[in-house]
Every structure is written in structure tokens, then in C-alpha cells.
Amino acid sequence: MSAADLGSTLKAEAPSFQRFLPAGLGSLFGGASNLTAAVPAKVATGNRWLWPVVLLVALLLCLVWFFNRTKAPVSDAVQTASTAAANAGTSALGDFFKTKLPDGVELNIPRFGIESKLISFLGDSSKPADTTTWFNFDRLLFDTGKAELQPSSQEQLGNIAAILKAYPNAHVKIGGYTDNTGDAAANVALSSARAKNVMDALVGAGIDSSRLEYKGYGDQYPVGDNATEEGRAQNRRISLLVTQK
């Protein structure tokens with residue numbers, strides 16, 4: 001094919017090329033009718049040194065198209081999955097509502113969250129403290145394999161501290177649990193460190209340390225099936241036991 005034939009072919013196939021360009025990129029060349037104008041006019045005069053330039057431009061366009069095509073769907077999929085998980089967790093806890101504690105402090109809490117359950121238990125004189133009634137925290141977050149609490153955990157910790165202040169006779173125990181993945185001894189150590197950090201956060205919020213205790217149980221006492229991801233997620237938890245009312 002001569003240089004002149006190449007120019008004619010590019011001009012004829014310009015509309016087809018434009019279909020493969022990323023959105024908005026075709027406009028850089030002034031649309032399909034001007035796509036061939038991007039090829040230097042000297043191609044038509046037989047200057048063979050322009051062939052590599054033409055091929056390089058075509059290669060760059062293909063790379064840009066491929067990059068944009070593969071990048072966007074991955075980002076969207078991750079965002080959609082994260083949003084769905086967050087919405088599912090919020091839905092399970094029910095709507096938020098305002099409630100007033102015995103000392104007059106008002107909290108905005110989810111209807112089926114630990115705060116609501118704990119307030120109901122502490123305010124019911126017919127339910128004594130025991131060794132089996134544990135309440136699971138539902139909005140505490142840790143980095144994977146670490147004991148440090150993420151900043152988003154502070155809202156729920158503040159609510160629990162406010163509840164304990166409103167019921168000054170209450171004493172509680174913080175229990176930490178993991179799934180059965182990894183070394184059992186390491187799991188006990190991790191669950192213990194997480195439980196202690198939760199207790200320390202409550203002390204930092206104004207609760208006397210004499211009212212609090214903690215223990216890490218590792219993968220003991222699972223509440224879900226460790227053979228499934230959902231079950232393992234349920235087993236990775238921090239719970240609260242009222243030891244005195």
C-alpha cells in the first residue's frame with residue numbers, strides 16, 4: 001500500500017475508528033470527518049518516515065481506550081459492594097430514634113442496636129445480672145488483624161459511656177472474640193487487646209475503671225458457622241456483659 005492509499009483508507013474508515021475511542025476523545029480530532037486530518041498531509045506525498053508516526057498514534061489511542069475500559073468497572077464494583085454492605089448493616093439495626101436517659105441525657109440511637117438493648121436491660125428490675133446475657137457491639141470497627149479502634153467507633157463508645165453514667169451502679173465486662181482463622185494463641189491475644197482498648201476508651205470517656213473488666217476469648221464461643229464468611233464475620237465481635245446492676 002502506498003502512502004496515498006493509506007491516506008484514502010484512513011479517511012474511509014474514520015467513522016469506524018471513532019467508535020472505539022473513549023467518550024470525548026474523538027472530539028479532540030474534530031469528529032469523524034476530521035480524524036484523518038490528524039495524519040500529516042505529507043503521508044500522501046510518499047514520505048515513508050511518517051509511517052512510524054501514524055502507527056504510534058494508533059497504538060496510543062488503543063492504549064487509552066483499553067485503559068479507560070478496564071479501569072472504570074473495577075472502581076464501580078467496589079463502590080457498589082461497599083455501599084450495599086453499609087446499607088444492609090444500617091437496615092438491620094433499624095431506624096435511629098431519640099431517647100432520654102434517667103439523668104436527662106438524650107441519645108440518638110438505632111432501635112435494635114446495643115444501646116437500646118442495654119438501656120432496656122438496665123431499666124428492667126425483673127432482669128438480674130447474670131453470666132449469659134451478652135450484648136454485642138454493632139458499630140465498632142478495627143483494622144484487619146489489629147487492635148486499634150477506628151475513629152468511626154467513637155460514637156457508639158460515647159453512647160455506652162453515657163448509659164453507664166446514667167446507671168452508676170452498673171458494672172460490666174468487655175469480651176473480645178475472633179473467628180478460628182490463624183493461630184489460636186494469636187487470636188486470644190488479639191481479642192484480649194481489642195477488649196482492653198474498648199475498656200480503655202470507656203475509661204477515657206469518664207467511666208471509673210473499678211466498674212469495668214475485660215477478657216479475650218479468641219475463637220471460643222462462636223455464634224456463627226466458621227465454615228462460612230458470614231459466620232466468621234459474626235464471630236469476630238466485641239460483647240458486653242452486665243455483671244452488676
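Every heavy atom of this structure was used, including side-chain atoms; hydrogens, water molecules and symmetry mates were not. Residue numbers start at 1 and run along the sequence shown.
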Under 4.5 Å between side-chain heavy atoms, hopping through other hydrophobics if needed: is there a path connecting Phe135 to Met199?
-> yes
Check whether any side-chain heavy atom of Lys165 lies under 4.5 Å from a side-chain heavy atom of Val105, and answer yes or no.
-> no
Would you mind checking if Arg111 and Asp95 are paired as a salt bridge, meaning a charged N to carboxylate O distance below 4.0 Å?
-> no
Distance (rounded to the nearest 0.5 Å) between Phe121 CZ and Ile114 CD1 = 12.0 Å
Check whether more than 12 heavy atoms from other residues, nucleotides or ligands sit under 6.0 Å from atom NZ of Lys245, and answer yes or no.
-> yes
How many angstroms lie between CZ in Arg232 and CG in Asp225, if you round to the nearest 0.5 Å?
-> 8.5 Å
Does Asp208 have any side-chain hydrogen bond (donor to acceptor under 3.5 Å, both in side chains) partners at least two apart in sequence or in another chain, and if so, which?
-> Ser210
Are Tyr167 and Leu107 joined in one hydrophobic group, where the rule is that I, L, V, M, F, W and Y side chains link up if heavy atoms are under 4.5 Å apart?
-> yes
When rounded to the nearest 0.5 angstrom, what is the spacing between OG in Ser209 and CG in Asp200?
-> 9.5 Å
Indicate yes or no: at least one non-hydrogen side-chain atom of Glu115 is less than 4.5 angstrom from one of Pro110.
-> yes
Are any non-hydrogen side-chain atoms of Asn159 and Arg139 less than 4.5 angstrom apart?
-> yes
Is the backbone of Lys146 close enough, under 3.5 Å, to the side chain of Asp143 for a donor and an acceptor to pair up by distance?
-> no
Is the closest side-chain heavy-atom distance between Gln220 and Ser191 below 4.5 Å?
-> no
Polar side-chain atom of Thr243 near backbone of His171 as donor-acceptor pair, under 3.5 Å | yes
Would you kindly confirm whether Leu240 and Leu93 end up in one hydrophobic cluster when ILVMFWY residues are joined by side chain heavy atoms under 4.5 Å apart?
-> no
So, for Leu149 and Ala201, which heavy atoms are closest and what is the spacing to 0.1 Å?
-> CD1-CB, 4.4 Å
Reference residue Asn226; test side chain to side chain donor-acceptor pair (under 3.5 Å); the match among Asn235, Asp179, Asp219, Thr181 = Asn235
Quick one: do Phe97 and Ile163 end up in the same hydrophobic cluster if we chain Ile, Leu, Val, Met, Phe, Trp and Tyr together by side-chain heavy atoms under 4.5 Å apart?
-> yes
So which heavy atom on Ile119 is nearest to which on Thr99, and how close?
-> CD1-CG2, 4.2 Å
Hey, what else clusters with Tyr177 if you join Ile, Leu, Val, Met, Phe, Trp, Tyr whenever side-chain heavy atoms sit under 4.5 Å?
-> Trp134, Tyr217, Tyr221, Leu241
Contacts of Pro168 meeting side-chain contact (heavy atoms from CB on, under 4.5 Å) (sequence neighbours excluded), chain-then-number -> none
How far apart are the closest heavy atoms of Asn108 and Glu155, and which atoms are they?
-> O-OE2, 4.4 Å
Taking all non-hydrogen atoms of both residues, which atom of Ile238 and which atom of Arg194 are closest, and how far apart?
-> CD1-CB, 3.9 Å
Work out which heavy atom in Gln156 is nearest to a heavy atom in Leu140; give both atom names and the distance.
-> OE1-N, 3.9 Å
Heavy-atom closest pair, residues Leu164 and Leu212 = CD1-CD2, 4.2 Å
Ser120 side chain vs Lys117 backbone, donor-acceptor pair below 3.5 Å = no
Taking atom CZ of Phe112 and atom CG of Asp138, what is their separation to the nearest 0.5 Å?
-> 12.0 Å
Does CD belonging to Glu106 count more than 12 external heavy atoms closer than 6.0 Å?
-> yes
Hey, does Ile160 have a side-chain heavy atom less than 4.5 Å from the side chain of Ile207?
-> no
If you measure from OG1 on Thr144 to CZ on Arg236, what distance do you get to the nearest 0.5 Å?
-> 7.5 Å
Linking I/L/V/M/F/W/Y whenever any side-chain heavy atoms sit under 4.5 Å apart, do Val203 and Val172 land together?
-> yes
